Amino acid sequence: MIRIKRAYQSPAQKDGYRIMVDRVWPRGVSKQRLKMDVWLKDIAPSHDLRRWLSQNSQKWEEFKTKYREELQDKDEFLNQILDLEKEKETVTLVYTSGNTEHNNAIVLKEVLDELKS
């Protein structure tokens, strides 16, 4: 099972293996408090795409398309997450965005779910 969770929410046992999927560490959150198992910075959207979304927050569908294009070159990281899911049963993709409805973890989870099908 793949879950998503905001970095500012408290870690829970049901999270399983926790994977940070953003390029930036959440402000004011210590490594001890976040309890991250691995930080996959390179699977996060590029700096340019991240900045673009913050300036164009109404363009969610366009962001999804652009991020999916970036993910096409990230097979190694996508497979790593899928392998971890098989091994650990549950992985949680942790993101820093304050927007719980429009963030990279949602798109990443969609792509991973499609790859499993």
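None of these values were measured; they are calculated from a predicted model. By convention here, the first residue in the shown sequence is residue 1.
- Hydrophobic clustering of Ile, Leu, Val, Met, Phe, Trp and Tyr side chains at less than 4.5 Å, counting indirect connections, keeps Leu93 apart from Val29.
- Side chain of Asp22 to main chain of Val24: no donor-acceptor pair is present (N/O by atom type, distance under 3.5 Å, no hydrogens or angles).
- The line from CG of Asn99 to CG of Leu53 is 8.0 Å long, rounded to the nearest 0.5 Å.
- If you chain together hydrophobic residues whose side chains sit under 4.5 Å apart, Leu40 and Val111 fall into the same group.
- Remark: Asp48 pairs with Arg51 by the salt bridge (charged side-chain N to carboxylate O under 4.0 Å, His left out) rule, at least two apart or across chains.
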* To do: Tell me, with the steps shown, if Lys109 and Glu114 meet salt bridge (charged side-chain N to carboxylate O under 4.0 Å, His left out).
  => CA-CA 9 Å; Lys109 182 181 183 316; Glu114 289 166 12; over 6 Å; no
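- Using a distance-only test at 3.5 Å, with no hydrogens or angles considered, no donor-acceptor pair links the side chain of Tyr17 to the main chain of Val38.
- One finds the CG atom of Leu82 at 5.5 Å from the CD1 atom of Ile2 (value rounded to the nearest 0.5 Å).
- The structure places CG of Leu71 at 11.0 Å from CD of Glu110, a figure rounded to the nearest 0.5 Å.
- Rounded to the nearest 0.5 Å, atoms CZ (Arg23) and NZ (Lys41) are 9.0 Å apart.
- Checking side-chain atoms of Asn103 against main-chain N and O of Ile106 turns up a donor-acceptor pair under 3.5 Å.
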* Could you check Glu61 against Thr65 for side chain to side chain contact (heavy atoms under 4.5 Å, CB included), going step by step and ending with a plain yes or no? => CA-CA 6 Å; Glu61 291 303 319; Thr65 300; 5.7 Å; no
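- Taking all atoms of both residues into account, the shortest heavy-atom contact from Trp52 to Lys66 is CZ2-CE, 4.1 Å.
- Atoms OG1 and NZ, on Thr100 and Lys5 in that order, are 14.0 Å from each other to the nearest 0.5 Å.
- The backbone N or O of Asp15 lies less than 3.5 Å from no partner atom in the side chain of Arg3, so there is not a single donor-acceptor pair.
- A heavy-atom distance below 4.5 Å is not found between the side chains of Ile19 and Met36.
- Phe77 is connected to Leu49 through a chain of hydrophobic side-chain contacts under 4.5 Å among Ile, Leu, Val, Met, Phe, Trp and Tyr, so both are in one cluster.
- Taking all atoms of both residues into account, the shortest heavy-atom contact from Tyr8 to Arg33 is O-NH2, 3.4 Å.
- Proximity of a side-chain donor or acceptor of Gln9 to a complementary backbone N or O of Arg6 within less than 3.5 Å is detected.
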* To do: Could you walk me through whether Glu85 and Thr90 pass the side-chain hydrogen bond (donor to acceptor under 3.5 Å, both in side chains) test, one step at a time?
  => CA-CA 6 Å; Glu85 180 195 17; Thr90 302; over 6 Å; no
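- At a threshold of 4.5 Å between side-chain heavy atoms, the hydrophobic network of Ile, Leu, Val, Met, Phe, Trp and Tyr places Ile4 and Met20 in two separate groups.
- Taking each heavy atom of Val21 and Asn104 in turn, the nearest pair found is O-ND2, 2.7 Å.
- Atom NZ of residue Lys74 and atom CG of residue Leu108 lie 10.5 Å apart, to the nearest 0.5 angstrom.
- In terms of heavy atoms, Pro45 sits closest to Phe63 at CG-CZ, 3.9 Å.
- Counting only distance, with no hydrogens or angles, the side chain of Asp37 and the backbone of Arg18 share a donor-acceptor pair below 3.5 Å.
- When the shell of 6.0 Å around NZ of Lys116 is examined, it contains more than 12 heavy atoms from other residues, nucleotides or ligands.
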* Asked: How far apart are the C-alpha atoms of Ile43 and Gln80, what are their side-chain angles, what is the distance that settles it, and do they pass the side chain to side chain contact (heavy atoms under 4.5 Å, CB included) test?
  -> CA-CA 11 Å; Ile43 203 159; Gln80 181 180 354; over 6 Å; no
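- Under the 3.5 Å distance criterion, the side-chain polar atoms of Glu70 are matched with a main-chain donor or acceptor of Ser46.
- For the pair Pro26/Leu34, a side-chain contact is recorded, criterion being any heavy-atom separation below 4.5 Å from C-beta on.
- Smallest separation of non-hydrogen atoms from Ala105 and Tyr95: CB-CD2, 3.7 Å.
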